[in-house]
There are 2 protein chains.
Amino acid sequence: MKIIYRPERDSLELPGILYALGDPVRLTIVTRLASKGELTCGIAYPDLIPKSTLSHHLKILREAGVIHVRQQGREYHNSLRRDDLEARFPGLLRTIVDVAVPR
Amino acid sequence: MKIIYRPERDSLELPGILYALGDPVRLTIVTRLASKGELTCGIAYPDLIPKSTLSHHLKILREAGVIHVRQQGREYHNSLRRDDLEARFPGLLRTIVDVAVPR
DNA sequence: GAAATAGTTCGATACTATCGAACTATTGAA
DNA sequence: TTCAATAGTTCGATAGTATCGAACTATTTC
């Protein structure tokens, strides 16, 4: 695994985060992470989408600071950066996930 | 003024709205509308930005259903579609505006 | 009518997204 | 310890989107 750019908490930017969430695939990934906690790339979006495209989407989420990656063997476990997001933008993630999944 | 596409309340899509807000210029426009109520194109973003670019940004906000345009003479007054947004995505706009303007 | 004003549309260039193919890295077995 | 399988990234080509100046449209005012 290469050096992955990961913005510090204090340099999280709201437009970048909203942009990252403003795509159907990425928003679905985020809502799944919100309910499931941690997912590998392969099952983060288990639909017919090429893995190169999925990798691209996860990179955008990472670089925006929405998700964190933990490598374990050959699996890359993705999870939401809940604490950092909550600290910088209180209530944002919860509100978006709430309205994204109307139940 | 031509026919302007304007999505109905029920067809507002969350990814499209987040995408529209996921740009620094457009997010600034929205926070200004949130505090000032209604603004014309020209003063929605009173910085050095070409008016063709500004027009493009406002179109994206309109087509995502974030703002509404009212023509009065040769001025186009833009305002947030607060009620529609609140009905479809409760708390979303307020939360985003709150965290966008940290005060 | 002509000039001024508010904003849109057009067209060219630059940037970003998608997806198959090739690549890297780790695991597990022969 | 080499080989195959697996998980994901990177590359490269094509398609789509953004930016901004220039031209255009519509409305007001003189």
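Here is how names work: the chains are called A, B, and so on, in the same order as the sequence lines, proteins then strands, and each is numbered from 1.
Distance A/Arg74 CZ to C/dT26 P: 11 Å, rounded to the nearest Å. Between B/Leu39 atom CG and C/dA6 atom P the separation is 14 Å, expressed in whole Å. Rounded to a whole Å, the CZ atom of A/Arg62 is 12 Å from the C1' atom of D/dT10. Residue B/Asp23 contributes atom CG, which lies 12 Å from atom P of C/dT16 at whole-angstrom precision. If you measure from atom OH of A/Tyr76 to atom C1' of C/dA25, you get 7 Å, rounded to the nearest angstrom. Following rounding to the nearest Å, A/Asn78 (CG) and D/dG8 (C1') show an atom-to-atom distance of 10 Å. Atom CD in B/Gln71 sits about 11 Å away from atom C1' in D/dT25, given to the nearest Å. Computed from coordinates, the B/Tyr45 OH to D/dC20 P distance equals 11 Å when rounded to whole Å.
Within a heavy-atom distance below 4.0 Å of DNA chain D, the residues of residues 50-60 of chain A found are A/Lys51, A/Ser52, A/Ser55.
Both the sub-6.0 Å distance and the 45° axial angle are satisfied by B/Arg32 relative to the ring of B/Tyr45. Geometrically, B/Arg26 engages B/Tyr19 in a cation-pi contact defined by less than 6.0 Å to the ring centre and at most 45° from the axis.
How far CG of A/Leu12 is from CD1 of A/Ile17: 5.0 Å, rounded to the nearest 0.5 Å. Atom NE2 of residue A/His56 and atom CG of residue A/Leu58 lie 10.0 Å apart, to the nearest 0.5 angstrom.
In summary, A/Asp98 and A/Arg94 engage in a salt bridge, as defined by a charged side-chain N under 4.0 Å from a carboxylate O.
With B/Glu63 contributing its side chain and B/Arg6 its backbone, the two residues share no donor-acceptor pair below 3.5 Å.
Residue A/Tyr19 places at least one side-chain N or O under 4.0 Å from the OP1 or OP2 atom of C/dA17.
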